[in-house]
Structures are given as C-alpha cells and as structure tokens.
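Here is the naming used below: chain letters follow the sequence lines, and residue numbers restart at 1 for every chain.
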2 protein chains.
Amino acid sequence: MSQRMKNLTKRQEEILNLIKTHISDFGFPPTRADIAKTLGFKSPNAAEQHLRAIEKKGFIKILSGASRGIVLSESENNEIPVIGLVAAGGPILAQENIEKTIPKSRNLFSDDIDYYLRVKGDSMVDVGIYEEDLIGVSKSKDFKVGNVVVARINDEVTVKTLIEMSQTKVVLRPENQNYKDIIVNPETDELAIEGSCVALVRESI
Amino acid sequence: MSQRMKNLTKRQEEILNLIKTHISDFGFPPTRADIAKTLGFKSPNAAEQHLRAIEKKGFIKILSGASRGIVLSESENNEIPVIGLVAAGGPILAQENIEKTIPKSRNLFSDDIDYYLRVKGDSMVDVGIYEEDLIGVSKSKDFKVGNVVVARINDEVTVKTLIEMSQTKVVLRPENQNYKDIIVNPETDELAIEGSCVALVRESI
DNA sequence: CAATATACTGTATATAATTACAGTAAGTGT
DNA sequence: ACACTTACTGTAATTATATACAGTATATTG
C-alpha cells in the first residue's frame, strides 16, 4: 500500500468490492443506482458520495459525464510484483527490488501468489527450476518439509528445498549435485522462511 | 469457432474490435455514440444496428436498458485451450483433447499463445520441462533449429528440440540422456511441426 | 469546541444513452 | 424478381445516469 493511499472505511471497502464484483460479473462498472440498490440505500446520492470519498483516497478514478465511468486505480493491491535481484539487507518486497508488476487479474494459478521471484543461479536445476524462471511465492501458505521455499539466511535470499526443520537445525537443499546442503542453526544464524513456492513461469524457452 | 457462430463482416469485426479495445482502455464498453464517433457515423443508430447484427451472430450480448450493456460472449476466440492427452490421429485442437480453457486476458506472455499443451513423460527434463508442465505453443511463430517444437510424427504428438531440418532429414532430440534422437524423413514419414514452444507454466512445485 | 469526515435521506435536473421509427442505397441469395 | 442483409443518415422520444443542492445524525480530530 503506497503512502498516499489512505485507508478505506469498512463501508467504502464494501463499495469498492461491490464495484470489482460487478465488473467481474457483468464486464462493466455499476451505476450509482446499482450500488444504492445492492446496499439498500434509498438515494443514489449515498453511492455518489462514497465514490467521491473512495476517489479522494486514490482507489478509483471517476470519469465525469460518462455513465459507469468508474476506473479502478492500479494500486499495488491489484498487482503482483516481480522481484528481480534482492538487495542485501532490505526486505524482499522493497521498491528497488521490483522489476515489474503483473495484474492480479492475470493470475493463472489457484493459489494466491504474493510475488514472483526471478531465479538467479542454477542451484535448483534438478527440479526443473532454471535461471531467469519466475517462481510464484505464497507468503501465507504453510510450508512443510519437502517444499521448495524462499529463505533468507543472514540477509541473503535463496530458493531451496526444505529438508529438515527443528528448533536448532534447519536443512535447506540445493537441487543440484554440485552444491551441498545448507545447514543452519536458527538460534545462532538469522533465518526466515519467507514463503513457499507454489508455481513457476518461464517466459522464454 | 463454433458452428452457430456465423462469420462477421469486415465492418462488424471492426466494431467488435473497437468494443474490445474500449474495454481494455477504459474498463467498460463504449456507448453507441462512442462507436459512432470513433468510426465517423453521423447517427448512433448505425452503431445500434451493427451491434444488433453482431449479437445475432452470437459474438456479444446486449443487455437492454443498461447503458454500455455490451457483454462479450465467451467464444473460443477469447479462450486459450489447454490440451491434455492428444488422441492419436485427430487434430491437436480437437474438442476431446481440451482439458480446460484459460481466458486470453490472463495471458502473461508477450508472445501470442495458441494453446497450452500438458507435457506427458520425461523426455525433456534436461531443459527443465517436466511431466504435467504446461507448454505455451505458438502456431504462427517461425521455428528455427534449436527451438523446442511440438511435432506430429505419424499421428503421434511430441515435444522435442529441433536439431536439423532439411528436405530429406529432420532430427528431433529428446532432452534426456535415456532417449535417442528421432530421425525422420519427411518424404516417407508423415511429419508436421505444429508449433513452437514459447513459454512454460508449472501449476504446482 | 469548531472543523472535518462518515454515512446517509430526499428532491431535482441536466445530460448521457438506449432505442424506436422512417428513410436511402448497394449487394447477396434463391 | 423478391426477400434479405449490409451499411448507413436523420429525428426524436424515453429512460438511464450523473450529479448538484439541501438536509440529518454521529463520530473523529486537532
């Protein structure tokens, strides 16, 4: 969420969702009257004023004079970032790491993807993950032993298979015979599992 | 294109494209007046009548009474088929091979993808193409030696790397040491290069 | 405590937009 | 030849829609 995007109230969020749902159901935005009817307002002006408030907060643009002229803003909310090189030290999703963004509406996958990470290096070739591939990462999905995960070890971000995970020992395996397992003690090393890899996209073969 | 979908005239196609462009530009369909203005009609009724004709042919649905109430039909035109197992003998895109479809609007790739093909077998693992992966195939893109292509050899569809191609000899290489090159003489064997692989999608890791 | 934001009702109006009706003209199919 | 389709102009009515103005009431904030 960018800085100039103030938070919506509960009601405003409800209306924004209604707009999105209407677009997805019909292919075009609702009228003020549509909104009023759906939410039980007795005046279309109630919808009008909510729209103004939502526009003021930057989530939509109202095209004056045009019927159904509600344009959703391209907020980060609707866009999945593609993370290129991760600068050491900062958070993965820092602005400087974002190579481009892909509209959420283009998501092909059933899982929710929080970001795509561009793969660097050949440490995962044995499971078919190649340099320059994009990995779809889910932050929320609970990861298990055996999953391919995005891990951060002492400020370095890496994609590996999670082999073992206990209080004192975490084993991350590169899927490439030329590399050795990474064994980390979470009590002495800084370790964070940032997310689980749920999908892969290769833009050129 | 389904049977009940009659062909559009040139002008009608122009108008359908205009509608699609307007939706992609603004997020909602044009009005009759918008169409008339863009195409230089002096009466919105010209647009109205074209819309009626296009609706009659099944490409759109007009919602009566609603402003901008033009709904694009989910024709195969807007959907990319995902091909599962290809039945021997028939065309790749035969209805019975289609596992599901993905809206074109969700295409992540710069190349035009005519269909996705679900990979069977492990003959391409050395270039990171695994069983169950989806390969984005472009029919139009001209394929060169070195490309991964979809080939049909005597009614069998296969994904391989194109190594050599001449009047009398075509070499297709499985990217897996356990398999041998496939050498075909196009003059004696039935061979067709169906398309070029331009993208890859893995729905689960 | 005054200003501002939220969340509406209620009325009204200008304008945006659909849509019917009446034509003209050229081309297509049977 | 006659019906039908395509491709428009021109006018106009009806309805759909945005949007202004005047209120009421509650909550938040500096």
Side-chain angles (χ1 to χ4, degrees), chain A residues 1 3-19 21-23 25-73, chain B residues 1 3-23 25-72:
Chain A
M1 197 75 70
Q3 277 68 34
R4 66 187 102 264
M5 287 275 201
K6 289 182 207 163
N7 287 329
L8 293 179
T9 66
K10 208 175 161 185
R11 199 58 159 162
Q12 287 164 0
E13 206 159 332
E14 208 172 336
I15 286 166
L16 185 57
N17 282 332
L18 192 158
I19 296 167
T21 304
H22 194 284
I23 291 173
D25 286 354
F26 296 95
F28 45 81
T31 64
R32 276 61 164 170
D34 289 337
I35 296 171
K37 198 181 169 195
T38 307
L39 294 180
F41 302 157
K42 296 194 177 155
S43 165
N45 192 40
E48 174 73 22
Q49 284 174 53
H50 278 302
L51 291 178
R52 293 286 170 82
I54 297 169
E55 185 184 38
K56 215 169 167 185
K57 291 180 178 176
F59 291 82
I60 59 169
K61 182 90 215 313
I62 299 172
L63 306 185
S64 99
S67 72
R68 304 179 191 274
I70 302 170
V71 181
L72 297 174
S73 299
Chain B
M1 199 75 69
Q3 277 68 33
R4 64 187 103 267
M5 287 272 202
K6 288 181 206 161
N7 286 330
L8 293 179
T9 66
K10 207 176 162 186
R11 201 58 161 160
Q12 287 164 359
E13 206 158 334
E14 208 171 337
I15 286 166
L16 185 57
N17 282 332
L18 192 157
I19 295 167
K20 289 177 183 173
T21 304
H22 195 283
I23 291 173
D25 286 354
F26 296 94
F28 44 82
T31 64
R32 277 64 163 170
D34 289 337
I35 296 171
K37 199 182 168 195
T38 306
L39 294 180
F41 303 156
K42 295 193 178 156
S43 164
N45 193 40
E48 174 73 22
Q49 284 173 54
H50 278 302
L51 291 178
R52 293 286 171 83
I54 297 169
E55 184 184 37
K56 214 169 169 185
K57 290 180 178 176
F59 291 82
I60 58 168
K61 182 91 215 311
I62 299 172
L63 306 185
S64 100
S67 71
R68 306 180 188 274
I70 303 170
V71 180
L72 297 173

**Study point:** Nucleotide interval of DNA chain C bounded by contacts with chain B (heavy-atom cut-off, under 4.0 Å)
**Key:** C:dA17 to C:dA22
**Study point:** Least distance between heavy atoms, B:V71 atom then A:F26 atom
**Key:** CG2-O, 3.7 Å
Write out a two-atom table: protein N or O, nucleotide N or O from nucleotides 4-8 of chain D, distance below 3.5 Å.
residue	atom	partner	partner atom	Å
D:dT6	OP1	B:K57	NZ	3.0
D:dA7	OP2	B:T9	OG1	2.7
D:dC8	OP2	B:R11	NE	2.5
D:dC8	OP2	B:H50	NE2	3.4
D:dC8	N4	B:Q49	OE1	2.4
D:dC8	N4	B:Q49	NE2	2.8

Review point. What residues form a salt bridge (charged side-chain N to carboxylate O under 4.0 Å, His left out) with B:E14, not counting sequence neighbours?
Key: B:R11
Practice item. Could you tell me which residues satisfy side-chain hydrogen bond (donor to acceptor under 3.5 Å, both in side chains) with A:D34, sequence neighbours excluded, listed by chain and number? Key: A:T31, A:R68
Exercise for review: Would you check if the side chain of B:K57 reaches a backbone N or O of B:N7 as a donor-acceptor pair within less than 3.5 Å?
Suggested key: yes
Check your understanding: What are the two closest non-hydrogen atoms of A:A47 and A:A36, and how far apart are they?
Key -> CB-N, 4.3 Å
Practice item. Could you state the atom-to-atom distance from CD1 of A:I62 to P of D:dA18 in whole Å? Key: 10 Å
Practice item. Over all heavy atoms of both residues, which pair between B:P29 and A:G27 is shortest? Give the atoms and the distance, please. Key: CD-O, 3.9 Å
Point to revise | Pair listing, salt bridge (Lys or Arg N to Asp or Glu O under 4.0 Å) test, anchored in residues 40-49 of chain A, at least two apart | key: A:R32-A:E48, A:E48-A:R52
Review point. Can B:F41 and B:H50 be said to form a side chain to side chain contact (heavy atoms under 4.5 Å, CB included), step by step?
Key: CA-CA 11 Å; B:F41 303 156; B:H50 278 302; 4.0 Å; yes
Practice item. List in chain and number order the residues that pass side-chain hydrogen bond (donor to acceptor under 3.5 Å, both in side chains) with A:E55, two or more places apart in sequence or in another chain; answer none if no residue qualifies. Key: none
Practice item. Determine the stems involving DNA chain D; a stem requires 3 or more consecutive pairs of the Watson-Crick or G-U wobble kind, each with both distances below 3.5 Å, and the answer is none if no such run exists. Key: C:1-30 with D:1-30
Review point. Whole Å only: how far is the CG atom of A:L63 from the C1' atom of D:dT17?
Key: 14 Å
Practice item. May I ask you to verify if any side-chain N or O of A:R52 is less than 4.0 angstrom from the OP1 or OP2 atom of D:dA20? Key: yes
Check your understanding: Once you round it to whole Å, what is the distance between P of D:dA16 and CD1 of B:I70?
Key -> 17 Å
Review point. Per the side chain to side chain contact (heavy atoms under 4.5 Å, CB included) rule, which among B:I62, B:T9, B:L8 passes with B:I54?
Key: B:L8
Review point. Taking C-beta and beyond as the side chain, do B:P30 and B:T38 meet within less than 4.5 Å on heavy atoms?
Key: no
Write down the protein N/O and nucleotide N/O pairs, taken from nucleotides 28-30 of chain D, whose separation is under 3.5 Å; answer none if there are no such pairs.
none

Exercise for review: Measure the spacing between CD1 of A:I60 and CD1 of A:I15 and express it to the nearest 0.5 Å.
Suggested key: 9.0 Å
Review point. Could you go step by step and tell me if B:F59 and B:I19 meet the side chain to side chain contact (heavy atoms under 4.5 Å, CB included) rule?
Key: CA-CA 11 Å; B:F59 291 82; B:I19 295 167; over 6 Å; no
